[in-house]
Amino acid sequence: MPISYYIILSVALFCIGVVGVLTRRNAIIIFMCIELMLNAANLLLVAFSKMHHLALGLNFPTLASEAQVFVFFIMVVAAAEVSVGLAIIVMIYRNIHSVDINFLNRLKN
Amino acid sequence: MFGNYITIPHLLIFIPLITGLLTFFIKKDSSAKAWSLFSAILTFVVSFTSLLYSKDAALSGLTFNYEWLKFIGASFSVGLDGTGRLLTLLTAIAFPLIMVATYKTNYKNAAAFYGLMLLSQAGLMGVFLSLDALLFYFFWELALIPVYFLCSRWGGEKRIQATFKFFVYTFAGSLLMLVGIIYTYLQTKGTPYAEHSFSISAFHTVMLSAADQSWLFWLFFAAFAIKMPVFPFHTWQPDAYEQSPTAVTMVLSGIMVKMGLFGVIRWLLPVFPLAAIQYDNIVIGLSVIGIIYASLVAIKQDDLKRLVAYSSIAHIGLMSAALFTTKPVAIEGVMIQMFSHGINIIGLWIVIDLLEKQLGVRRISQLGGVAHKAPFLTIALLVIAFANIALPLTNAFVGELMMFNGLFQFNKWYAAVAGISIILAAVYMLNMIKNVFLGEANTLTQTVKEISLNEKIVLSVILVAIFMVGIYPQPFFDLTKESVTYITTKLK
Amino acid sequence: MSVTQILFWFLSLLAIGGAVMVVASRNPVHSILYLIITFFAISGHYVLLNAQFLAIVNIIVYAGAIMVLFLFVVMLMNLNAESEPPSKSKYLLYSGVIAGCSLLLIMVAAIKKSDAASQLTQLKDGEVGLISNLGKTLFTDFVFPFEISSVLFLSAMIGAVIISKKETGTETENL
Amino acid sequence: MVGIIGSAVILGSFILSLYAFMQVKSGNTHIAHYFNFINTESLKIGFDFQVDQLSSIFLLIITGVGFLIHVYSTSYMHEEESKDFAKYFAYLNLFVFSMLLLVMGANYIIMFIGWEGVGLCSYLLIGFWFKNNHYNDAAKKAFVMNRIGDLGFLLAVFWLVSKLGTANYTDVFANVKNLTATDITGITLLLFLGATGKSAQIPLYTWLPDAMAGPTPVSALIHAATMVTAGIYMIARSNILFTMAEVTQPVIAMVGLATALLAATIALKQNDIKKVLAYSTVSQLGYMFLGLGVGAYTGAVFHVMTHAFFKALLFLGAGSVIHAMGGEQDMRNMGGLKKYMSITHLTFLLGCIAIAGIPPFSGFFSKDEILAAAFAKNPVYWVLGVLGALMTAFYMFRLYAMTFRGQFRGTHEQAHHLHESPAAITIPLSILAILAVVGGLVGIPAVFKEGGHRLEAFLQPIFAGSNDYIKAKGHSHHLSHSTEYILMAVSVLGALIALGYAWSKFSKYQKAAAEEETGLAKVLANKWYVDELYNSIIVKPVQSLGTFFNNVVEKRGIDGIVNGVGRAVNYGSRQIRLLQSGQIGTYVLLMIIGALLLFIIQLFV
Amino acid sequence: MNAIILTAVWGIIMMFGGVFFKRKSTALYWAVAGIVLVLAANFYELVNQQPFIEINVREMLHFNSFNLTFITVALASTLLYFLLSGRDIEKVGSNVSEYFALIFFVLCGVCISATFNTLLTLFLGIEIMSIPLYILTGSDKRNLKSNEAALKYFLMGSFSTGIMLMGIVFVYGGNSAGSFFIDNINLGEGKLPVLVAIGLVLLMVSMAFKVSAAPFHFWTPDVYDGAPTVFTSFMATIVKAAGFIAFIRLFEYGFGKAQTQWQVLIAIITAATLFIGNLTAVFQQSVKRMLAYSSIAQAGFMLLAIFALNDIAKEGLVLYTAAYSLASIGIFAILIRMNDYTVDGFNGLARQQPLLAAAATICLLSLTGIPLTAGFTSKFFMLLAAVKNGHHLWLVIFAVLCAAVSAYYYFRVIQAMYFKEPGADVIINGVTPAFKYLLVIVAALIIILGLFPGAITNWLHY
């Protein structure tokens, strides 16, 4: 399976995530789109790892596994971010009873 | 001399610096005044002694060198050559004069005022003494900052904008110069510690292609042209002079504008000789335009300070034009003229200040007939004014004679056009004399009183200087001979 | 066309379709559900790439923990389609879509003309993705990041706590 | 007291210059080097004094006439309060100092120092009564116009220095041959410009009549006898240059002639006694330049001398009249003063005859010498010159007749204290009168007495160079005696006729109720409107140019640009900060666009 | 290494401290003690070039005198920051010791991202740095501005994290070595593979975001403005500096050899940053917001180091971070205590608190880059490096012109302090003698660094 397929797939996912961030105004949805972007990265990372494994696996057996461990760490970070992010969103909601980012424009210019 | 660590250059820089810093902590205004005056006089004495060593007046003259930033080849090296000695002398003479002349004016929070004055003196000294490009830039800025505070704290009502314009203008210029310095620095040969060096010798021996020179020249010229100022970079000057307190105006116009000329003499011409010759026509053309332009504008001024400001622009224009002719006679003329112009213009300011202190106005149209009540003041003013328009046997005559001479050698027509300014100068000066001092006294000027003793003394000192230089200028030529020959050989 | 290829195409379409729906659907709850679908598709890809460990973790952590957390929050705020009324000015929407698409376009165009594109990736076989290997790597080579990420969690934990703790006092300004 | 000191000093210098004159006469001229004024590689100016025939003559004139006028002043100025009295003498002595500097300097720079010094003194003395702003304006005018001339002088000097590297007379005149024709033409023209300024020639003469604002002795000393002749001295001094300047000489001659005629015509219609004398001075100076222009340097110097005598005499006489009339200067209010002030009248009459050029009075010899030379050069010069002479005779006797003859036309209280002036005034008058009568005898032309022209003989060394040059060129044709006789006869006869006409016309002069001048007369009375012309073509434009620069170019133009930059920054700031809309969407969008940009540059450029 | 461990450990200590400390002030003392300890330990490591305990990190971190010096600088500035503004941290909210704990964690992140050697540790470091900051930004919970800032910061921050990850992935995929180690991905002068090129751009974007370089700076003004001023001060100085160190480290070791291929990008970013930062700052009325923009402008100057990428650039960067942190911490410390954050709020400060005004002036002059202050020396180094690099001289000219503009807004504050009449009776409160002395020390340090930059740069060659 040519790597380009995977690249395009995950780039597509990534860009969809970007579009989401650009177009939606619900903080939670935006956040989800960001998660989507992260996952796109993960997917591509795994694909690349297997690609490198195919290329150099004989000389460096453990080489490709690094990438997958990296994915693992990404998930870790994502989890941490989510906990903080949702906390912030909840805090906002507590104060203005909305998560619409358009209501957040006290800071400008 | 006095051992290896305290040389005259150091004293010249550090006496005002340290005393100035101390001044901030003086509580009583009067004692602050006295203290700063004392320090200024001390500096004068030192710089006067420096004249005794005028034999070894090469750039390596009374130098001292301390590896300051070894790893980039910058060093705290200061020294006195002829030019430096001349201008440090001017600075050293000017400050006591200024302080005595304005001794009566009570600036509120005097400690700060005089402290800043002394700091600016230190900065000026540094500019004239530094033999290291980076150090030069350092002092170049340091001289500016105290003046900025002085003007915008104690100045007139539009002071803040005026001063700020002045500041940003010069700051921008000097930053461009900084880029120029850096680029040139990267072309220099190294020191034992660093691959390049900021020392003046390295700069003067740097090998720059004509192409490089032709754009570096403008980076440096921007800074100097703004400082001098050369038309059309002059518009900060009248406002600044008008707004700042007279004592500071004296520093600005008497000494600070010389920084620009000095920069040209010490850095621009020797480092970029090719460009200097390549662009001489542009620069001289600008200067000559500036001379006529400023003289014409001066004719229409009603505010005494603005009048003097524009006349100063005209004179400086002549000096810069003369410098770029690169004719030795012209450069000698500039040397002596830098000194004379400083003395004359300070004299003019003193007179104006005395009038303003008594009558509270500077508008020519509101004055008249002062001569009846204050003959001494009038006579002093007459002498200074005629010195300012370069009447023979006054100091300015010698300089202008030689500068015009050089300009003529460079190109007859420049000399002819610039020469018109001596007529225009007569026009605006005599107008001023007529409308302020002659004629019938009006209700306001009825109240004028003759000036006090110490003011008389100050003015007499200035008159003496005027005639001394005007009748026997030779010592100054001897003083600056080496530097002039040095530059002219550089420009060969 | 082999089974794997069929699977690949199916999963890809599923993932992209889900992703699009996440962005498109008005109702947050639906978005979340679509996102979960996408994640499942991606996990499927992991399986396809023979990275079982990640596939499992992805399902547990993402589809399981994280998305549930999201869902929970959304439910808590009981957000629905009305919570985000379509904004008057559509320019941001269009420009956003255009920008995203052109980003995609540029990247794809770049990749197309790159030689790396032709490189193959390894599907079913290849042992790297197995827990045993990963575990070994993780606890030998990657022990330091593993430890240090605890700091991350600590700070996240503290953060979550102090953010959501009830503060006494009224609205303050300019601190 | 002050007066005595002042006068005594000048007397002393007169005695010294007599001594110097004797020395020179016995043939040892001297150049004294005092110290280096400027001494650098590129320019060497010594503070040197030179005493030779030319300068010694001028020394005598200056100190002699100067002394007499000092004496005169002691009485004339005694109404001034002591402070101003002292100031007056200070200025006067300063003037004599600068004048001596001018004539004794051994190089052009020293001469220039004196040159501007006398200008300064004339400025100070014209504006002596500085309460009156018209006087101040007159003073300013004088100084500025002199400055214009000075510029020419300076440029000429620069030219010399840049070509020959020196300004010393001896070196310059020795190396004249190294100068190209253009150099010489340029230099001489510029020098001549300087001369026109100082010696009140077209186009820079208008300051001199206004300069009469000063005290009358000042007019006598500075604006008649000495300062205004500086230009002649300078050209005579550098005669060799001018002799070699083929182009310049005619110019000088014509300008001189034109000035002589113009001033004479104006003088015809002036009623202010001092104004008449002023214009006559301008006109006489014109003659001197005519002489210089035609190469009659001796004649010019000779005329300087005689003119110094009789013009000083006339001015002082006028002063004594004005004194008697209590400051009245309008001749229409005078008349019949003959019987009140006999000495003044007599001396004045002698002066008039002298200037009218009636033999054997001094004016005749000098003027005749110039005219003869003019004829030799070009008869047209001579004709016009004689015309001028006639006018001179006419207006001088118009002046004399209106003042001393006929009935007194002044007010009664004026009539009351009409009196002869004190000795301090009359003695100088008498001495000058004697000089005016006999002064011409030092230059008796060859036609009467071979070698009678002692002055020429005396000055011979100065003009030797020129004469040799002319000889070399070979066009130095002398007039035959007969022609000379005819010429003299014609001019003298004309002068007598004009004189008689004036006498008959004005000796019975009565003040008409309202004499409204018309046509040419009006033009003359208004001095050909030259002042107005200058005002409108030079002064006004300069002023308005200044206004334009000050209000438009400076404020809107240059400063506008500078401030414009500042305003632009402000404006830009106000606009750019609107990017910061506060919307995350916008932010991310801009970020993405930025990223896109980078991608394009990185991947496709 | 010492620093990383100790900060982490001390963070935990502070965290538990929250339970035990009776009085708020205790937390501050402990925090100061901790930072001093860490500083000492790190300095020890800098001098001896080895930590207390060797931990085999498998080359994932790399310590050299450069980044150790930087860490020292960062810790030292943190110490000053604690001393100057510690009291104000207590005012933010009830749980002080947790704030300190978070700050220590941030410092841990700073140390990691200054010493990272693989893209993984870079990623972790940046995250450890960012996540606590999201919280600190929002720590003033009742203040809507603070909330808003927190959310903006969080959303955009994690967005940039996504971009960074994508970049890392592409770089990983693109280099045939298939490794995350930055010196393995350094491919040499040859034309970069497209994948790596894409990754490079993405990484550049995300790093530019972290150091708030235009056009990725938009979060900065809002976040700095909204966050509690104490934490703004911390974010704007130490954290941003760390970002730069990471930036230059990544691009020097990771892509240094291929610099010519991406230099123009940095040039553009730099120009844009200078332009927008300086120009927008001119019009700001609130000093706090003005400082936010000025921090962008300063970032523009620091970017010159990454543009130049030579030894002088690195020396200059460390110097710059020191100078900039000192000045900003000083000026912020004063700002925090002001009643009124607008420029007019400073009117006549010189009359009431001459010493404070003088210190503030020196800080501002340093930020403007006037000689004798550290600000000048560091700017000078930057220009020197950029000119030495030799390409794109227009950028240098542009930079100095922008510096001239910067005088405009810094001097507005000086003018307000010295040349305007005071409005309110008391314009600043909580000025203890200790505070004054500390400010004097800060000012003195600025001057000393301005005269003897060797004091820092020499350590780089230690």
Side-chain angles (χ1 to χ4, degrees), chain A residues 3 6-7 10-11 14 17-18 21 27 30-31 33-45 47-49 51-53 55-57 60 63-64 66-67 69-71 73-74 76-78 80-85 87-89 91-92 94-96 99 101 103-109, chain E residues 118-120 123-124 126-128 130-132 134-135 137-138 141-181 195 198 202 221-226 280 283-285 289:
Chain A
I3 190 67
Y6 274 101
I7 298 178
S10 44
V11 167
F14 184 80
V18 171
V21 174
I30 292 175
F31 191 20
C33 294
I34 290 168
E35 291 300 329
L36 188 59
M37 289 159 67
L38 296 188
N39 272 276
N42 292 352
L43 175 55
L44 188 53
L45 201 47
F48 275 136
S49 86
M51 180 186 87
H52 283 307
H53 188 256
L56 329 151
F60 310 101
L63 182 96
E66 287 184 5
V69 177
F70 201 118
V71 175
F73 278 107
I74 295 177
V76 167
V77 170
E81 266 188 346
V82 169
S83 63
V84 172
I88 292 176
I89 291 175
M91 172 179 71
I92 296 268
R94 256 206 238 122
N95 285 330
I96 66 172
V99 292
I101 56 166
F103 294 158
L104 302 172
N105 48 12
R106 300 162 132 264
L107 302 162
K108 65 158 100 175
N109 294 345
Chain E
T118 88
L119 296 172
L120 176 57
F123 171 65
L124 282 176
I126 297 280
E127 283 308 310
I128 297 174
S130 308
I131 288 180
Y134 302 149
I135 300 150
T137 311
K141 299 201 285 275
R142 290 301 178 136
N143 182 342
L144 289 184
K145 277 189 174 175
S146 169
N147 297 344
E148 180 181 344
L151 184 63
K152 279 181 175 171
Y153 193 14
F154 169 73
L155 285 178
M156 300 179 77
S158 39
F159 179 75
S160 82
T161 308
I163 291 178
M164 171 187 253
L165 279 174
M166 210 59 189
I168 291 174
V169 172
F170 271 107
V171 171
Y172 169 74
N175 75 81
S176 48
S179 146
F180 293 102
F181 284 92
L195 292 183
I198 295 174
L202 288 169
D222 294 0
V223 171
Y224 285 7
D225 192 6
T280 323
F283 200 71
Q284 297 306 323
Q285 296 313 316
R289 204 167 170 79

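Letters A, B, ... mirror the listed sequences (proteins, then strands); counts begin at 1.
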Handout entry: Inter-residue atom distance N143(E).CG - R106(A).CZ, 0.5 Å rounding
Key = 7.0 Å
Problem - Partner chain E: residue of A67(A), A87(A), A80(A) with the largest heavy-atom pair count (under 4.5 Å) - result: A67(A)
Completion exercise
If one checks every heavy atom of I34(A) against chain E at 4.5 Å, the contacting part turns out to be side chain
Exercise for the section: Identify which part of I101(A) has an atom lying under 4.5 Å from any heavy atom of chain E, answering side chain, backbone, both or neither. Expected result: side chain
Handout entry: chain E contact via A47(A) - which portion, at a heavy-atom distance below 4.5 Å
Key = neither
Fill in the blank from the handout: Of all heavy-atom pairs linking F70(A) and L119(E), the shortest is CE1-C, 4.1 Å
Problem - M166(E) vs L44(A) side-chain heavy atoms within contact, under 4.5 Å - result: yes
Fill in the blank from the handout: Closest non-hydrogen contact found for L165(E) with A41(A) is CB-CB, 4.1 Å
Practice task
Considering only heavy atoms and a distance below 4.5 Å, find which of E81(A), K108(A), M37(A) pairs most often with chain E.
Solution key: E81(A)
Exercise for the section: Indicate yes or no: at least one non-hydrogen side-chain atom of I7(A) is less than 4.5 angstrom from one of L195(E). Expected result: yes
Practice task
Could you tell me which portion of I74(A) (side chain, backbone, both or neither) has an atom closer than 4.5 angstrom to a non-hydrogen atom of chain E?
Solution key: both
Handout entry: Side chain / backbone / both / neither for F154(E) at chain A, heavy atoms under 4.5 Å
Key = side chain
Practice task
Work out which heavy atom in L151(E) is nearest to a heavy atom in A27(A); give both atom names and the distance.
Solution key: CD2-CB, 4.2 Å
Fill in the blank from the handout: Counting heavy-atom pairs under 4.5 angstrom with chain A, the leader among G157(E), P221(E), S179(E), S176(E) is S176(E)
Fill in the blank from the handout: Of M51(A), H52(A), E66(A), the one forming a side-chain contact (heavy atoms from CB on, under 4.5 Å) with Y172(E) is H52(A)
Problem - Between G17(A), S49(A), A40(A), the one whose heavy-atom pairs under 4.5 Å with chain E are most numerous - result: S49(A)
Handout entry: Contacting region of A177(E) [heavy-atom separation from chain A under 4.5 Å]
Key = backbone
Practice task
Output the option from I131(E), V169(E), I128(E) having the highest count of non-hydrogen pairs under 4.5 Å with chain A.
Solution key: V169(E)
Problem - Residue pair V11(A) / F170(E), side-chain heavy-atom distance below 4.5 Å - result: yes
Exercise for the section: Evaluate the side chain to side chain contact (heavy atoms under 4.5 Å, CB included) criterion for residues Y153(E) and I88(A): first the C-alpha distance (whole Å), next the side-chain angles of each, then the deciding distance (0.1 Å), finally the verdict. Expected result: CA-CA 11 Å; Y153(E) 193 14; I88(A) 292 176; over 6 Å; no
Practice task
Name the region of T118(E), side chain, backbone, both or neither, that has any atom closer than 4.5 Å to a heavy atom of chain A.
Solution key: neither
Problem - Side chain N95(A), main chain K141(E), donor-acceptor under 3.5 Å - result: yes
Practice task
For D222(E), check salt bridge (charged side-chain N to carboxylate O under 4.0 Å, His left out) against everything at least two apart and list the hits.
Solution key: K152(E), R289(E)
Exercise for the section: Apply the test side chain to side chain contact (heavy atoms under 4.5 Å, CB included) to residues L120(E) and V69(A): give CA-CA distance (whole Å), side-chain angles for both, the deciding distance (0.1 Å), then the verdict. Expected result: CA-CA 10 Å; L120(E) 176 57; V69(A) 177; 5.6 Å; no
Exercise for the section: Scan residues 154-171 of chain E for pairs that pass side-chain hydrogen bond (donor to acceptor under 3.5 Å, both in side chains), counting only residues two or more places apart or in two chains. Expected result: E127(E)-T161(E)
Exercise for the section: Show your working on ring pair (Phe, Tyr, Trp, His ring centres under 6.0 Å) between F123(E) and F73(A) and close with a plain yes or no. Expected result: CA-CA 9 Å; F123(E) 171 65; F73(A) 278 107; 8.8 Å; no
Fill in the blank from the handout: Whatever's closer than 4.5 Å to a heavy atom in chain A on I163(E) counts as both
